Amino acid sequence: LKEKKEDLLDELRPEAVALTDAFAYRDECLNSALGLSNGKIYETMYEWATTKNPLNNGKPNEGYMKNLKPVLG
């Protein structure tokens, strides 16, 4: 059964993007930078990391400032 599943996945893999596009999900529903219709994968990932990730908002913690920042310059 596992082997048959792998064979079917191998057969399906080249059609995965077209099959997903056929469902016509909006970018907002997918919430994935990799599947954006505008093709701006890296720009979107950077934007999300710098504006939407709470870990990247605010001041760095004391441990970063004391230990890591001097090493990174």
Side-chain angles (χ1 to χ4, degrees):
L1 189 60
K2 184 177 179 180
E3 186 176 319
K4 182 62 175 171
K5 180 187 88 168
E6 294 298 324
D7 290 343
L8 288 171
L9 288 173
D10 287 342
E11 190 175 332
L12 182 64
R13 191 168 288 114
E15 308 301 329
V17 172
L19 288 169
T20 303
D21 286 347
F23 286 104
Y25 290 119
R26 294 186 334 268
D27 290 341
E28 297 83 17
C29 293
L30 293 174
N31 196 28
S32 169
L34 299 178
L36 288 175
S37 58
N38 66 10
K40 295 183 177 182
I41 297 169
Y42 300 108
E43 295 91 335
T44 302
M45 290 178 75
Y46 179 79
E47 177 192 344
W48 289 359
T50 57
T51 63
K52 294 186 178 186
N53 187 332
L55 293 174
N56 294 327
N57 295 334
K59 296 167 71 172
N61 68 32
E62 185 181 326
Y64 170 82
M65 298 303 286
K66 179 181 175 187
N67 301 308
L68 195 54
K69 187 169 182 180
V71 174
L72 296 176

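Keep in mind that what you see is a predicted model, and the values were worked out from it rather than measured. Below, all heavy atoms of this structure are taken into account, side chains as well, without hydrogens, waters or symmetry copies.
Separation of atoms CG (L36) and CD (E28) is listed at 9.0 Å; rounding is to 0.5 Å. With rounding to the nearest 0.5 Å, the separation of OG1 in T20 from CG in L30 is 8.0 Å. One distance of note links OG1 of T50 with CE of M45; it measures 12.0 Å at 0.5 Å rounding. Taking CD from E3 and CG from L8, the interatomic distance works out to 11.0 Å, rounded to the nearest 0.5 Å.
Linking ILVMFWY side-chain heavy atoms closer than 4.5 Å, directly or via other members, places L72 and M65 in a single hydrophobic cluster. Hydrophobic cluster membership differs between W48 and Y46, with clusters built from Ile, Leu, Val, Met, Phe, Trp and Tyr side chains linked at under 4.5 angstrom. Following chains of ILVMFWY side-chain contacts shorter than 4.5 Å, one cannot reach V17 starting from L34, and the two form parts of different hydrophobic clusters.
Screening residues 58-73 for side chain to side chain donor-acceptor pair (under 3.5 Å), with sequence neighbours left out, gives no hits.
Within 6.0 Å of the CG atom in L1, the count of heavy atoms belonging to other residues, nucleotides or ligands does not exceed 12.
Applying the 4.5 Å side-chain rule to ILVMFWY residues, one finds L12 in the same cluster as L19.
A salt bridge links D10 to R13: at least one charged side-chain nitrogen sits closer than 4.0 Å to a carboxylate oxygen.
Minimum interatomic distance between I41 and A33 (heavy atoms only, all atoms of both residues): CG1-O, 3.6 Å.
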